[in-house]
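Heads up, the thing below is written out as structure tokens.
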Amino acid sequence: METLANLESFVRSAEAGSFSAAARRLSLTPAAVSRNVAMLEGHLGVRLFQRSTRKLTLTEAGERFLHAIKGNLEGLQAAIADIAAGEGEPAGVLKVSMSPTFGIQYILPLLPAFLERYPRIRADWHFENRQVDLITEGYDAAIGGGIELSPGVVSRVLAPAHIIAVASPAYMKGRTRPADPEGLADFDGIVMRSARTGRVRQWVMRNAAGEEMPARPAETIVLSDPAAMCRAAVLGLGVTLIAVPDALPYLESGALVRLVPRWYADAGPISLYCANRTLMPSKTRVFIDHVVEAFRRDRLAERFAGSLGT
């Protein structure tokens with residue numbers, strides 16, 4: 001009788017194209033995954049992979065075997081997860097990726113209540129400004145915007161990511177506020193350089209009537225992090241175009257004021273991403289429920305909506 005560990009090591013290695021990537025997803029070492037696959041090949045008496053220094057390639061026998069067992073393996077995993085969920089409380093390592101600014105401000109404060117309710121879950125949270133591969137890198141979930149929905153990944157929208165124009169009261173003292181986004185061109189700008197393209201981000205703002213207008217303050221200061229952009233604006237260095245969640249604490253304290261308040265740019269939704277599985281692990285399911293409930297309770301979707309500016 002073949003072990004589930006050997007079969008799962010084979011399937012995940014085939015999906016990821018390498019033992020190392022499969023190991024990250026399975027929370028094993030690459031050596032352990034390689035050993036499991038070799039044991040499976042020995043039991044079957046066939047070679048399932050052609051191995052090279054760069055990647056794994058399925059043999060013809062490997063292709064047939066993968067096609068035959070993959071659906072059955074997922075069904076077996078679902079049955080095991082279902083029994084585990086019914087017999088005990090959610091447990092295990094919960095690996096989540098989120099941006100530093102947003103994660104520390106809005107998600108990290110949810111952790112104490114979450115761990116108090118689910119003490120057998122161990123948080124392994126990564127605060128990073130990059131798009132992760134949930135499947136290959138073994139993440140249970142990710143929170144952010146603009147993550148590509150690769151095969152096997154689903155998303156749930158949490159709130160809008162609206163971009164608004166802000167500046168400090170000190171910077172605006174003695175200056176006439178702009179009447180529309182085009183007027184931002186007359187001010188010093190604190191702009192963002194995209195880590196993905198290397199270019200300065202350009203925004204087109206819109207209002208409730210559906211009018212659109214470019215917003216292009218002067219490129220006086222170029223930064224690559226939203227927290228730094230907000231801090232630079234608080235220091236009175238100019239106007240910045242920033243997502244509402246990043247600016248909200250400063251707006252509520254009065255350290256920043258919103259300019260052209262009836263205008264905003266839409267950067268797409270803030271979403272919670274996870275792997276699409278027949279039966280989601282209970283640790284992931286309760287985490288999603290906890291985050292969604294917090295956003296509902298604190299009305300964050302409404303608070304993040306730049307379209308509601310007055």
Side-chain angles (χ1 to χ4, degrees), residues 99 101-102 105-106 129 143-147 157-271 295 298-310:
S99 70
T101 305
F102 184 84
Q105 180 67 38
Y106 298 102
N129 282 320
I143 299 174
I147 296 179
V157 173
L158 295 174
H162 287 169
I163 305 297
I164 60 174
V166 298
S168 71
Y171 179 79
M172 294 307 299
K173 186 176 181 179
R175 291 182 168 92
T176 301
R177 295 198 179 195
D180 55 41
E182 287 187 342
L184 296 173
D186 298 330
F187 296 85
D188 299 304
I190 304 163
V191 298
M192 171 176 277
R193 187 180 303 281
S194 170
R196 186 176 302 178
T197 66
R199 300 174 181 173
V200 170
R201 294 293 301 268
Q202 302 287 342
W203 297 107
V204 174
M205 304 186 85
R206 66 182 65 167
N207 61 16
E211 300 174 290
E212 294 188 343
M213 194 175 295
R216 296 175 183 169
E219 296 179 9
T220 308
I221 298 174
V222 182
L223 301 174
S224 62
D225 181 78
M229 294 169 68
C230 280
R231 184 60 180 161
V234 170
L235 293 172
L237 297 177
V239 171
T240 194
L241 293 162
I242 197 77
V244 175
D246 296 323
L248 193 56
Y250 300 102
L251 293 170
E252 291 177 340
S253 70
L256 293 176
V257 294
R258 185 172 175 181
L259 307 179
V260 291
R262 297 184 182 277
W263 296 80
Y264 69 98
D266 190 350
I270 299 167
S271 299
F295 270 66
D298 298 335
R299 300 170 60 197
L300 291 182
E302 181 179 333
R303 291 169 63 196
F304 292 170
S307 55
L308 300 180
T310 56

Give the minimum heavy-atom separation between [X] and [Y], together with the two atoms involved.
| X | Y | result |
| --- | --- | --- |
| M213 | P181 | SD-CD, 3.6 Å |
| F187 | V239 | CB-CG2, 3.7 Å |
| L184 | M205 | CD1-SD, 4.4 Å |
| M192 | D225 | CE-C, 4.0 Å |
| A301 | A159 | CA-CB, 3.7 Å |
| V191 | M229 | C-CE, 3.9 Å |

May I ask you to test the [X]-[Y] pair for a side-chain heavy-atom distance under 4.5 Å?
| X | Y | answer |
| --- | --- | --- |
| V166 | L251 | yes |
| P217 | L241 | yes |
| R177 | V257 | yes |
| P214 | Q202 | no |

- Task: Run the numbers on I270 and V157 for side chain to side chain contact (heavy atoms under 4.5 Å, CB included), then give the verdict.
- Result: CA-CA 6 Å; I270 299 167; V157 173; over 6 Å; no
**OP:** Would you check, one step at a time, whether the test side chain to side chain contact (heavy atoms under 4.5 Å, CB included) holds for R201 with R193?
**Re:** CA-CA 6 Å; R201 294 293 301 268; R193 187 180 303 281; over 6 Å; no
Does a donor on one side chain and an acceptor on the other come within less than 3.5 Å for Y171 and D188? yes
Would the distance check show the side chain of [X] and the main-chain N or O of [Y] forming a donor-acceptor pair, the cut-off being under 3.5 Å?
| X | Y | value |
| --- | --- | --- |
| Y106 | P245 | yes |
| R299 | E302 | no |
| S271 | G145 | no |
| D298 | L300 | no |

Please round to the nearest 0.5 Å and tell me the distance separating atom [atom1] of [X] and atom [atom2] of [Y].
| X | Y | atom1 | atom2 | value |
| --- | --- | --- | --- | --- |
| C230 | I190 | SG | CD1 | 9.0 Å |
| I164 | I242 | CD1 | CD1 | 9.0 Å |
| D180 | N207 | CG | CG | 10.0 Å |

Residue pairs fulfilling salt bridge (Lys or Arg N to Asp or Glu O under 4.0 Å) with at least one residue in residues 233-248, sequence neighbours excluded: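 Sorted result for residues 233-248: empty, none.
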Between E252 and R303, is the closest basic N to carboxylate O distance under 4.0 Å?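 Salt bridge flag = yes for E252 with R303.
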### Task
Can you establish whether the number of heavy atoms outside R175 located under 6.0 Å from its atom CZ is more than 12?
yes
Assess the residue pair W263 and E211 against the criterion (side chain to side chain contact (heavy atoms under 4.5 Å, CB included)); give the C-alpha distance rounded to whole Å, side-chain angles, the decisive distance to 0.1 Å, and a yes or no.
CA-CA 9 Å; W263 296 80; E211 300 174 290; 4.0 Å; yes
query = Relative to each other, are the rings of F102 and F304 parallel, tilted or perpendicular (30° and 60° limits)?
reply = perpendicular
Practice prompt. Run the numbers on S168 and V234 for side chain to side chain contact (heavy atoms under 4.5 Å, CB included), then give the verdict.
Written response: CA-CA 5 Å; S168 71; V234 170; 5.6 Å; no
